[in-house]
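Okay, structure first, notes after.
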Number of protein chains: 2
Amino acid sequence: MTTSCIIRHFEHYAELAGDDHDLLTSLEKSPQDYPRNTVIWNQGQQSEHFFTVQSGWACSYRNMEDGSRQVLDLYVPGDIIGLREFAFRRRVSNLMVVTDARLCPFPKYHLSEVFQSSRLLCNLFFLIAARDQAVLVERLINLGRRTAREKVAHFLLEMGHRLDKACMDVYDCNHLPLTQVLLADALGLSTVHLNRTLQELKQERLVSLGPDGTTLLDRDGLVEVAGFDPEYLQEDVDGMLKSLGKNVSPMV
Amino acid sequence: MTTSCIIRHFEHYAELAGDDHDLLTSLEKSPQDYPRNTVIWNQGQQSEHFFTVQSGWACSYRNMEDGSRQVLDLYVPGDIIGLREFAFRRRVSNLMVVTDARLCPFPKYHLSEVFQSSRLLCNLFFLIAARDQAVLVERLINLGRRTAREKVAHFLLEMGHRLDKACMDVYDCNHLPLTQVLLADALGLSTVHLNRTLQELKQERLVSLGPDGTTLLDRDGLVEVAGFDPEYLQEDVDGMLKSLGKNVSPMV
DNA sequence: CGCTTCATTGAACCCACTCAAAGGCCGTGG
DNA sequence: CCACGGCCTTTGAGTGGGTTCAATGAAGCG
């Protein structure tokens, strides 16, 4: 039995005291395994749990009236799924796992308890929510103002960076086990055009395409193509922690 | 002197006890006035304050290398600006006011103090952050999977709904004082095509165009065009509050 | 009263989409 | 073990929604 995944996620940011450690652990129900392509929840269903990803990949998406699909976000090991549903009674998007995966559910409304009990955890949760927003913003820019080439390169790099952080042992941080259909739906492209764009990048030796997904071969080259700046993925945990120490002083 | 804008914003969600009231008020520095088109901060600058909007409109945006611009979000009275920068030392986007506006700055790191002092406020801030994410998600879908017509109609309706909530006295909730340049940059369209699309909607008596912005004439008609579902703007405050009452019981 | 920004219209172009079809891979069942 | 069907990938050809370029008018402002 390894460390629970949410603990690992938070320890990535800061050292946890014993109390905080126990508090987090108590939230986490036993992990559950899901085979590839399992739908975890659908839009409109009651929203009662968050999940953390212990292994495998998941994605949230929305089905459109015309039959198309928009993939909203991808989740890799260590990620927390569903924070944005905190504000809502019902799910605002669908969730499925795209590889065999192990997820850890924990009850949504216990988050309030955590907020009350631990100042550090409260701030860390807020920081994670803020980072999630920054990721969404960057994806927004991707969809609004970049060409297909740039979109693809940028997205691949973002996932690469996120894998770097999540990476423990088993994962190849340059390999994304995603179908082209999924990528296309994430980037707002047709599968046909996504494929052509990937072929192009493959010709330039920037990526390789296998039956099990896409692999980043030349990150620097991709950065060039995408105009990628990873700053939006680098949280300022230190600054936040420092302020936690400061703000016991009287307010100005 | 009216009630401070952040108080008003939070009281929209829940009744505030005296303590919470004072706590919020103490955070808020004196309001500052900015003339139309003033840039409040730029990407890369130190991130030290949030703002609340007391009057007027603001927008956050990112300038692209090729000279184009992506507008990320618009802010109307009552909104909180900059929560997503909580995680970062430096600004990840630019902010400007698009009309004459009065904003209330409050120091970013005092948020941690609020979290510690008030359970209710902590949860409300988290709820607002989650709602902000939902808004971004919907804008993501807008950019990824809708036609120009749908994009425009959907965006206008979203802002209309947000105005409905903010609306006090002076504002016409169907009027958006935004240039077409701004709208185009928000929707990932060229100004030329945005203009043509607006003309089209005007022909159909769904909107009217004036020198001072766009006005929604027929919301039902626009809903038809956009396939608009306002659910993502309706937070479940009651559910959250109820859980605040519950979670003093031992954890399951 | 000129300068700048915004709105509007026309014309040509192009990036990405749609439609269509074929090939590869894999799981399943006969 | 092979045959079948489904899903994904790949490629070709034609189309179209939205872009770019360009120019004009209108409005606000110093």
Side-chain angles (χ1 to χ4, degrees), chain A residues 35-39 57 59 64 66-71 96 98-100 142-155 176-203 207-215 225, chain B residues 35-39 57 59 64 66-71 96-100 142-153 155 176-203 207-215 225:
Chain A
R36 202 156 70 88
N37 293 335
T38 308
V39 174
W57 290 60
C59 79
M64 309 295 289
D66 64 359
S68 67
R69 181 177 71 154
Q70 176 67 48
V71 168
M96 67 182 288
V98 296
T99 67
D100 293 341
N142 225 17
L143 290 179
R145 288 289 169 203
R146 285 199 254 256
T147 65
R149 255 176 85 83
E150 294 167 339
K151 285 181 185 182
V152 173
H154 196 281
F155 188 80
L176 317 182
L178 308 171
T179 67
Q180 295 186 11
V181 176
L182 186 81
L183 277 177
D185 284 343
L187 296 172
L189 297 171
S190 67
T191 59
V192 173
H193 195 61
L194 175 79
N195 179 266
R196 282 194 242 268
T197 307
L198 279 176
Q199 297 292 336
E200 205 179 297
L201 296 177
K202 179 184 168 189
Q203 294 305 320
V207 305
S208 71
L209 307 177
D212 53 347
T214 303
T215 303
V225 171
Chain B
R36 203 156 70 89
N37 294 335
T38 309
V39 174
W57 289 60
C59 80
M64 308 296 290
D66 65 358
S68 67
R69 181 176 71 154
Q70 176 67 49
V71 168
M96 67 182 288
V97 295
V98 296
T99 67
D100 292 342
N142 224 17
L143 290 177
R145 289 291 170 202
R146 286 199 253 256
T147 64
R149 257 175 84 81
E150 293 167 340
K151 284 181 186 182
V152 174
F155 187 79
L176 316 183
L178 308 171
T179 68
Q180 294 186 12
V181 177
L182 186 80
L183 276 177
D185 284 343
L187 295 172
L189 297 171
S190 66
T191 58
V192 173
H193 195 61
L194 175 78
N195 180 269
R196 283 195 242 270
T197 308
L198 278 177
Q199 297 291 339
E200 204 179 297
L201 296 177
K202 179 185 169 189
Q203 293 305 321
V207 305
S208 72
L209 308 177
D212 53 349
T214 305
T215 303
V225 170

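What you are looking at is a predicted structure, and each value in this text was computed from that prediction instead of being measured. Throughout, protein chains are lettered first and strands after them, A, B, ... in sequence-line order, and every chain is numbered starting at 1. What's counted below: heavy atoms across the whole structure, side chains too, no hydrogens, waters or symmetry copies.
- With sequence neighbours excluded, the residues that form a side chain to side chain contact (heavy atoms under 4.5 Å, CB included) with D212(B) are H175(B).
- Applying the side chain to side chain contact (heavy atoms under 4.5 Å, CB included) test to Q180(B) and every residue at least two apart in sequence or in another chain returns L194(B), N195(B), L198(B), L209(B).
- Here the rule is side chain to side chain contact (heavy atoms under 4.5 Å, CB included) with T197(B), and of L187(B), T147(B), V152(B), L183(B) only V152(B) fits it.
- Residue side chain R196(A) reaches the base of dG12(D) through a donor-acceptor N/O pair under 3.5 Å, judged by distance alone.
- Within residues 178-189 of chain A, the residues approached by DNA chain D to less than 4.0 Å at the level of any non-hydrogen atom are T179(A), Q180(A), V181(A), in residue-number order.
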Original post:
Stepwise, does the side-chain contact (heavy atoms from CB on, under 4.5 Å) test hold for L178(A) with W57(A)?
Top reply: CA-CA 9 Å; L178(A) 308 171; W57(A) 290 60; 3.8 Å; yes
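- For the helix from dC1(C)-dG30(D) to dG30(C)-dC1(D), the angle separating the two terminal helix axes comes to 40°, with each axis derived from five pairs and the value rounded to 10°.
- Using a 4.0 Å cutoff on non-hydrogen atoms, the parts of residues 145-153 of chain A near DNA chain C are T147(A), A148(A), ordered by number.
- The closest side-chain heavy-atom distance from S208(B) to K202(B) is not below 4.5 Å.
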Original post:
Under the side-chain contact (heavy atoms from CB on, under 4.5 Å) criterion, do L143(A) and Q70(A) qualify, and how do the steps go?
Top reply: CA-CA 11 Å; L143(A) 290 179; Q70(A) 176 67 48; 4.1 Å; yes
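- Side-chain contact between V71(B) and L182(B): present, with at least one pair of heavy atoms (C-beta onward) separated by less than 4.5 Å.
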**OP:** Scan nucleotides 24-30 of chain D nucleotide by nucleotide, 5' to 3', and note B when protein non-hydrogen atoms come under 4.0 Å of the base, S if they reach only the sugar-phosphate, - if neither.
**Re:** -----S-
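- For P35(A), the side chain to side chain contact (heavy atoms under 4.5 Å, CB included) partners two or more places apart in sequence, or in a different chain, are T38(A), D100(A).
- By the side chain to side chain donor-acceptor pair (under 3.5 Å) test, Q199(A) is found to be paired with no residue, residues two or more places apart in sequence or in another chain being considered.
- Residue N195(A) has no polar side-chain atom (N or O) positioned under 4.0 Å from OP1 or OP2 of dT9(D).
- For the residue pair L201(B) and R149(B), the shortest heavy atom distance occurs at CD2-NH1, 4.0 Å.
- With rounding to the nearest 0.5 Å, the separation of CZ in F155(B) from OG1 in T214(B) is 10.5 Å.
- In this structure R36(B) satisfies the salt bridge (charged side-chain N to carboxylate O under 4.0 Å, His left out) test with no other residue, sequence neighbours excluded.
- Using modelled atom types, no side-chain atom of S68(A) and backbone atom of M64(A) make a donor-acceptor pair closer than 3.5 Å.
- Partners of R196(B) by side chain to side chain contact (heavy atoms under 4.5 Å, CB included), not counting sequence neighbours, listed by chain and number: V192(B).
- Extent of DNA chain C lying under 4.0 Å from chain B heavy atoms, first and last nucleotide in 5' to 3' order, is dA7(C) to dA11(C).
- Under the side chain to side chain donor-acceptor pair (under 3.5 Å) criterion, D185(A) pairs with R69(A), R145(B), sequence neighbours left out.
- Rounded to whole Å, the distance from CG on L194(A) to P on dT10(D) is 10 Å.
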